[in-house]
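Reminder, nothing fancy here: chain letters follow the sequence lines and each chain counts from 1.
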Amino acid sequence: MSDKLLEVKGLTACVDEEEKEILHGVDLTINAGETHVIMGPNGAGKSTLGSTLMGDPRYKITGGSIEFQGEDITKLSTDKIAKMGMFLSFQNPIEVPGITLANFIKTAIENKTGERLRFWDFKKQLSETMKILNMDESYADRDLNVGFSGGEKKKAEILQLLMLKPSFAILDETDSGLDVDAVRTVSQGIEEYKKTVGGALMIITHSTRILEALDVDATHVLVDGKIVANGDASYIDEINENGFEKFLK
Amino acid sequence: MDVKVNQIPALTWNWLRMNELTVKEVKALQGESSVSYSTPAGIVEKSNQDFTIDTKTGMGENMEKLLKESAVLVHSFETSDKVQEVLKLDYKFDGNATANAVELKVADNAEMTVFMDFRSEEEAGDAAIETRYEIGENAHLTLIQVQYLGDKFRFYNNIGGEHAENGKFTLIQLVLKGDQSYYGNYSGLHAKKSELETKIAYMLKDENFLDMNYDADHTGKKSLCDIQVSGVLRNQSRKLFRGTIDFHRGCAGAVGAEMEDVLLMDESVRNQTIPIILCDEEDVSGTHGASIGRLDEGMMFYMQSRGIKEEAIYEMMAKAKIEAIANQIPQEEIREEVRQLLEK
Ligand SMILES: Nc1ncnc2c1ncn2[C@@H]1O[C@H](COP(=O)(O)OP(=O)(O)OP(=O)(O)O)[C@@H](O)[C@H]1O
Ligand SMILES: [Mg+2]
């Protein structure tokens, strides 16, 4: 299994308005179905990397390349990148007043496939998936993320992951701010994704709890906009014990 | 000719140039446009040379005069029953500066629901309609209007009427398509516990313009009004809403509320609002609220990251706004019709 899915080379990016460079040359290769973990201190650029891969117009790519499924995506719009199969679970999911969670997911699926969904088929699939995540069905009819607690927002992200079935998902601190039970539930959701979709994961995290049930293929340490070390799963424990000190200059 | 319309009842210094609107190059109104309908049992139809209801209107005297000069017949629909079946009036404007005049009379203890469906055969044209109403004691009139006109159409929609004690007027208006739309309503809440409930939803794009003037004229004790306006502006479109709650001496216990909810999709739109609460009476409660939202970059990125393209996001947001109002229409068949128009 070494189907190259994502290949990032020498990626530099800055905040569009300020010309302040945040990513200083990131190299990263992820094969289909693999699970990669990104660790790094606060402000290292982990979320920026996730957003930039997803085509966020607020970051400007100033150098390097991103190939996804063999295609250069540096100039593609976010919706096209998503249609190719990339997904980003946001560190801070956005509130969208006026659009219900159900309506949003339905529109997203219909846009992706180009076909109308039959209402009852969709409803059934949605409520089954919500059950896996221990979400009350009433949330389907609430405005997307509006008034959701921090943990509920993260669950809603995983719900979208399971419904949209992307081939590559970036999970940006999906586990932070969750109580013990919620971490378990969200982990089950991620396992379900692995089992049913078998997509690749790039997990940005500060903790190991979410990784317990997953086979991690590689760990990368991002410091100050650069990947400074690559290793296997055992790296995670080492970092948790000794911190990032040895990677800092 | 240029015609001044939609003047607010008390001119203000604050909004000097928006106190009224001058519509440029208004065409003289010719004949009547075609309208098809069947009158439900319990409703009596008459045709008169002139209006028989004496009332002010939202768009004002100049608009009334323009319509009167067209000399079209006034179609009057009257009931003294509680009519459940909806009186549906299907207008097909042909584009030749047409005029329509309608009177709706609901006698004491009676009820009537009227659905006016405004469509056009041509892309461009002018059409005007004036609707006057009279609501008896404990009576209820519901008027639902849906506008779905050609992209170059100019439309004047003028309403005015009077309420008897405990008489209620529910007005639901959906502005879905058309270039320039001029809307006005005047409600004479002169009797005790008379009530006005207005819900308006609009979606404007390109260079569309919607100018509104709504006047709730309270003299009746404990009279009520509630005006909700909700809409979406895109591209270079422009909207001006004037809403006046006019509490006159003697309307003790009256309650009035106006609420706006606007979503601005582009930097280049123009959204103007003149909320006015006039008070000659102490024992009243008048409120105005507004929520104005923008689709910021972060929200846009979030939605696009799920594979929804910009155009589809705009559409989804606009439809949701209209549907929120349309879902309050009691009749399922009308809701369904609106849904189909939104899917087009
Ligand atoms: N839009 C922006 N405007 C200005 N500065 C930004 C912007 N986005 C990111 N930055 C800066 O870039 C740096 C990296 O931010 P980023 O959010 O990617 O860090 P992170 O590694 O995800 O941190 P955390 O672990 O706290 O989530 C920070 O110093 C941040 O302030
Ligand atoms: Mg982050």
Inset, instruction - Check each atom of B:A312 against the heavy atoms of chain A and say whether the ones under 4.5 Å are side chain, backbone, both or neither. - result: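 For B:A312, the side chain is the part near chain A, not the backbone.
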Inset, instruction - Using salt bridge (Lys or Arg N to Asp or Glu O under 4.0 Å) as the criterion, list what pairs up with B:D215, not counting sequence neighbours. - result: none
List the atom of [X], the atom of [Y], and the distance in Å for their closest heavy-atom pair.
{"X": "A:I99", "Y": "B:A320", "answer": "CD1-CB, 3.7 Å"}
{"X": "A:G55", "Y": "B:F301", "answer": "C-CE1, 4.1 Å"}
{"X": "B:G307", "Y": "A:A82", "answer": "N-CB, 3.3 Å"}

Region of [X] that comes under 4.5 Å of a non-hydrogen atom in chain B:
{"X": "A:L144", "result": "side chain"}
{"X": "A:L164", "result": "side chain"}
{"X": "A:P97", "result": "both"}

Legend entry - Contacts of type ring pair (Phe, Tyr, Trp, His ring centres under 6.0 Å), residue B:Y156, not counting sequence neighbours: B:Y182
Inset, instruction - Between chain A and each of B:M316, B:M317, B:M300, count heavy-atom pairs under 4.5 Å; write down the option with the most. - result: B:M316
What are the atom names and distances for all donor-acceptor pairs below 3.5 Å between chain B and chain A?
from: B:Y302; atom 1: OH; to: A:N145; atom 2: ND2; distance (Å): 3.2
from: B:Y302; atom 1: OH; to: A:E157; atom 2: OE2; distance (Å): 2.4
from: B:Y302; atom 1: OH; to: A:Q160; atom 2: NE2; distance (Å): 3.3
from: B:R306; atom 1: NE; to: A:Q160; atom 2: OE1; distance (Å): 2.6
from: B:R306; atom 1: NH1; to: A:L88; atom 2: O; distance (Å): 2.5
from: B:R306; atom 1: NH2; to: A:L88; atom 2: O; distance (Å): 3.4
from: B:R306; atom 1: NH2; to: A:E157; atom 2: OE1; distance (Å): 2.7
from: B:R306; atom 1: NH2; to: A:E157; atom 2: OE2; distance (Å): 3.2
from: B:E343; atom 1: OE1; to: A:R116; atom 2: NH2; distance (Å): 2.9

Legend entry - By side chain to side chain donor-acceptor pair (under 3.5 Å) - contacts of B:E195 (at least two apart): none
